[in-house]
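Heads up: numbering here begins at 1 and tracks the sequence. If you're wondering where the values come from, they're calculated on a predicted model, not measured in any experiment.
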Amino acid sequence: MDTSNYAHYNIDMIQRLDGFYGMVDTRMNSRIEKWILGNRVLDIGCGFGQLVDYLRLKGYESIGVDMLEDFII
């Protein structure tokens, strides 16, 4: 399991993100990307920040905010 992208997650979160949920999440992120206008994105309620990370890798200037401080990097 490659944990380089998940340095801020615990092992349970990593397994969830790399499993079935991660496959569904990646598909949904690509669908969301199609609706983005411009290059800047604010994800309110970003949770673990998967969409923010996905968009950053695609070259977007993306920022996520969430009430769960422990999961924000």
Side-chain angles (χ1 to χ4, degrees):
M1 171 180 353
D2 178 17
T3 60
S4 60
N5 292 329
Y6 304 132
H8 54 289
Y9 299 143
N10 67 38
I11 193 68
D12 292 331
M13 291 179 209
I14 293 169
Q15 289 173 341
R16 181 177 179 203
L17 295 173
D18 279 345
F20 177 75
Y21 175 79
M23 290 185 294
V24 171
D25 193 53
T26 300
R27 226 176 52 205
M28 294 306 294
N29 289 344
S30 68
R31 288 183 180 178
I32 292 168
E33 181 184 11
K34 294 175 185 175
W35 291 92
I36 297 173
L37 303 174
N39 190 45
R40 300 173 78 191
V41 177
L42 172 61
D43 183 359
I44 299 172
C46 67
F48 297 133
Q50 304 95 309
L51 177 60
V52 173
D53 288 343
Y54 173 87
L55 293 174
R56 284 181 183 165
L57 290 172
K58 295 285 193 158
Y60 291 90
E61 181 182 338
S62 57
I63 298 172
V65 295
D66 198 284
M67 291 177 57
L68 300 173
E69 293 179 33
D70 293 342
F71 301 129
I72 305 285
I73 60 167

Q) If every non-hydrogen atom of S30 is compared with every non-hydrogen atom of R27, which pair is closest and at what distance? A)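 Shortest heavy-atom contact: OG-O, 2.8 Å.
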
Q.
Please give me the minimum heavy-atom distance between L55 and S62, naming the atom from each residue.
A. CB-OG, 3.9 Å

Q. Can you name the side-chain contact (heavy atoms from CB on, under 4.5 Å) partners of L42, sequence neighbours left out?
A. I44, I63, V65

Q) To which residues is V52 joined in a hydrophobic cluster, defined by side-chain heavy-atom contacts under 4.5 Å among Ile, Leu, Val, Met, Phe, Trp and Tyr, whether direct or through other members? A)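 Via sub-4.5 Å side-chain contacts, V52 links to none.
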
Distance-only criterion, 3.5 Å: show the donor-acceptor pairs between side-chain atoms of residues 33-41 and protein atoms not counting sequence neighbours.
unit_1	atom_1	unit_2	atom_2	d
E33	OE1	Y54	OH	3.1
E33	OE2	Y60	OH	3.4

Q) How many angstroms lie between atom CG of L51 and atom CZ of R56, to the nearest 0.5 angstrom? A) 10.5 Å

(Q) To the closest 0.5 Å, what do you measure between CG (D43) and CG (D53)? (A) 10.5 Å

